[in-house]
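Reviewing the structure listed below.
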Amino acid sequence: MSKHRLLVSTAIAAFVAGSAGVSAAFADTVVTMNTVQIFGTIDPAKISDYTDYMAVVNLYDGLISVDSSGNLIPELAESWTVSDDAKEVTFKLRADAKFTDGSPVTAADVIYSVERLLKINQGPASLFADVLKPGSVTAVDDKTVKFVLSKTFSPFLTTVPSIFIVNSKVVAANAGSDDAQTFLGTKVAGAGAYTLKEWDRGAKMTIVRDKNYYKGFGEGPIDEVRWIITNDEATVRSLAASGELTMTSQFQSPETYKALEAMGRFNILTQPTGNAFYLKLNTKIAPTDDVHIRRAIALATDYKTIREVIFPGADMNGPLPSAFADFYAADIKAPAFDIEAAKAEIAQSKYAGQPIDITLAYVAGTKFEEEISLLMQANLEQIGFKVTQQADPWNRITEIATKVESTPAVNQIFFGPTYPSPDSMFYTQYHSNAAGTWASMEWLQDPAVDKLIDDARATGDLKQQAEIYKELQHKLVEIQPDVFLMAQNVQHAIDKCLTGYNAVPMQSVDYDFTRFTWTCK
């Protein structure tokens with residue numbers, strides 16, 4: 001079924017009647033996709049999860065972006081140079097770069113965007129801790145901007161796609177008393193290919209194509225994207241059956257993918273990714289403050305059933321997916337499901353010989369996560385745990401993750417690279433400076449882990465980085481802050497007329513709809 005929707009009711013009537021007066025010029029291509037969680041924010045200084053990034057990569061542009069191979073590609077910047085000591089990076093802006101209001105993008109906008117990001121100190125700001133400081137970014141001229149790093153930071157260029165540029169004049173005029181957090185919480189002041197049409201925080205978001213976008217569009221552009229928020233499998237199947245749904249989220253059950261494929265209108269696209277699925281274990285509260293309990297939980301995990309039946313995915317032997325081939329510690333032994341070994345670990349713990357209360361948390365309404373949690377309960381209760389299930393909506397999970405005492409002992413979390421470097425997987429999840437977010441629900445705060453991450457960041461020698469990252473993986477497997485469930489194979493049911501999806505090793509850049517094409521006429 002075509003997703004070309006005629007926007008004027010008279011045009012729809014004429015189309016249905018076969019009137020010769022209706023042409024494609026009157027039709028817009030509309031893509032409708034479901035997401036399983038709300039959009040928490042569209043403020044580029046505060047984004048943190050996949051839906052936030054999904055919206056922002058369409059509403060804003062950065063200096064550079066990332067392709068499906070992990071290569072850095074130009075966006076607002078047409079070129080960049082790096083000094084010999086890697087502490088200075090200079091970007092040359094495109095002469096034709098402009099915001100959606102038609103005003104030019106200048107070095108002043110880049111400076112303002114970075115200064116605002118650092119001041120608010122949320123979302124992507126953690127990537128630049130001790131690397132960029134106020135005043136680190138200066139204008140060489142109106143179209144040239146220089147970043148001066150406080151220290152050597154080898155992944156710096158790969159983090160730059162996380163900096164989205166705001167229109168400094170518009171944002172400053174609406175700064176209010178909170179650096180425009182209120183304003184950019186509901187409004188957009190960017191140079192992206194799309195503008196915000198509608199946003200009902202708990203239900204849907206709609207964006208529309210800016211036909212004056214400075215980079216232009218190719219053949220078969222997507223004129224409108226409608227995201228419907230639902231993790232109910234029956235609703236997804238109903239939307240597909242009615243013809244409304246164009247593309248599913250990547251978090252549907254195997255049964256839903258099979259049902260949509262049987263409809264004949266959808267292709268089921270599966271691609272490997274650098275994303276990982278974990279049971280994050282809060283290392284600061286009982287009972288997961290004991291490494292033997294954490295190891296027991298890992299040994300009581302039925303990886304085969306989870307990966308092959310409940311939510312198909314690839315094997316993962318530690319915290320880093322094998323997609324990071326040059327840095328992957330392939331010598332780590334794959335985790336095993338071994339109930340007797342789990343009992344032996346409990347016997348070595350400080351909780352041995354007593355009932356062990358534990359809370360298993362997951363995203364409410366997500367069927368496969370509920371199934372995993374129930375499977376874990378059945379296995380853990382065999383070895384002396386008393387299990388409480390806790391299902392929360394995503395916005396609640398992000399809230400409780402900000403405090404040690406409110407973070408449950410066990411949490412099901414997908415995490416993928418927010419920039420194409422192993423540092424993205426390690427720093428954001430395991431470094432002490434990054435604690436207090438949904439991505440770091442381990443509350444690890446381990447000085448030895450911090451040092452390894454910092455050492456890898458401080459060297460530009462890729463061979464040395466690889467050695468450090470492999471040592472770090474061994475360390476994390478030893479102290480078991482997570483159960484390493486699987487590397488995610490991203491899977492979507494996509495209308496056969498929609499092409500262009502390719503997994504990108506940076507959070508949600510693969511949902512930049514300028515990369516998609518509608519092929520049906």
For [X] and [Y], indicate whether the former's side chain and the latter's backbone hold a donor-acceptor pair under 3.5 Å.
{"X": "Thr159", "Y": "Phe156", "value": "yes"}
{"X": "Arg209", "Y": "Thr514", "value": "no"}
{"X": "Ser113", "Y": "Asp109", "value": "yes"}
{"X": "Thr517", "Y": "Thr519", "value": "no"}
{"X": "Lys204", "Y": "Ile229", "value": "no"}
{"X": "Thr428", "Y": "Met425", "value": "no"}
{"X": "Ser154", "Y": "Ala456", "value": "yes"}
{"X": "Thr246", "Y": "Ile494", "value": "no"}
{"X": "His431", "Y": "Asn433", "value": "yes"}

Exercise. With rounding to the nearest 0.5 Å, note down the distance linking CG in Asn231 to NZ in Lys367.
Key: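 Answer rounded to 0.5 Å: 12.5 Å.
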
Quiz item: Quick one: side-chain hydrogen bond (donor to acceptor under 3.5 Å, both in side chains) partners of Asp179, sequence neighbours excluded?
Solution: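 By the side-chain hydrogen bond (donor to acceptor under 3.5 Å, both in side chains) rule, Asp179 matches Lys119.
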
Quiz prompt | salt bridge (charged side-chain N to carboxylate O under 4.0 Å, His left out) between Glu224 and Arg226, intermediate numbers included | solution = CA-CA 7 Å; Glu224 185 170 311; Arg226 299 173 183 171; 2.6 Å; yes

Is the [X]-[Y] ring centre distance short of 6.0 angstrom?
{"X": "Phe327", "Y": "Phe324", "value": "no"}
{"X": "Tyr194", "Y": "Phe513", "value": "no"}
{"X": "His492", "Y": "Tyr511", "value": "yes"}

Practice problem: May I have the step-by-step check of ring pair (Phe, Tyr, Trp, His ring centres under 6.0 Å) for Phe266 and Tyr257, ending in yes or no? | Solution: CA-CA 9 Å; Phe266 294 93; Tyr257 290 119; over 10 Å; no

Considering all heavy atoms, the nearest [X]-[Y] contact:
{"X": "Asp210", "Y": "Phe217", "value": "O-CE1, 3.3 Å"}
{"X": "Ala503", "Y": "Pro272", "value": "CB-O, 4.0 Å"}
{"X": "Lys197", "Y": "Val208", "value": "CD-CG1, 3.7 Å"}

Quiz item: Going through the checks in order, is the side chain to side chain donor-acceptor pair (under 3.5 Å) test met by Thr459 and Gln464?
Solution: CA-CA 7 Å; Thr459 177; Gln464 186 178 0; 3.2 Å; yes

Quiz item: Among side-chain atoms of Asp61 and Tyr213, is any donor-acceptor pair under 3.5 angstrom?
Solution: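 Indeed, the side chains of Asp61 and Tyr213 share at least one donor-acceptor pair under 3.5 Å.
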
Exercise. May I ask you to test the Val363-Asp392 pair for a side-chain heavy-atom distance under 4.5 Å?
Key: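 The answer is no; the side chains never approach within 4.5 Å.
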
Self-check item: Those residues that, when tested against Tyr362, pass ring-ring contact (aromatic ring centres under 6.0 Å, His included) (two or more places apart)
Solution: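 In terms of ring-ring contact (aromatic ring centres under 6.0 Å, His included), with neighbours along the sequence ignored, Tyr362 is linked to no residue.
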
Check residues 88-95 and write down every donor-acceptor pair under 3.5 Å in which the side-chain atom is one partner and the other belongs to a residue at least two apart or another chain.
from  : atom 1 : to     : atom 2 : distance (Å)
Lys92 : NZ     : Thr144 : OG1    : 3.3
Arg94 : NE     : Asp96  : OD1    : 2.9
Arg94 : NH2    : Asp96  : OD1    : 3.3
Arg94 : NH2    : Asp96  : OD2    : 2.9

Quiz item: Looking at Tyr427, is Arg457 sitting on its ring face, NZ or CZ under 6.0 Å from the six-membered ring centre and within 45 degrees of the normal?
Solution: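 Yes, a cation-pi geometry.
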
Quiz item: Looking at Tyr50, Phe251, Tyr278, Trp394, which hits ring-ring contact (aromatic ring centres under 6.0 Å, His included) with Phe414?
Solution: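 So the option named by the test is Phe251.
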
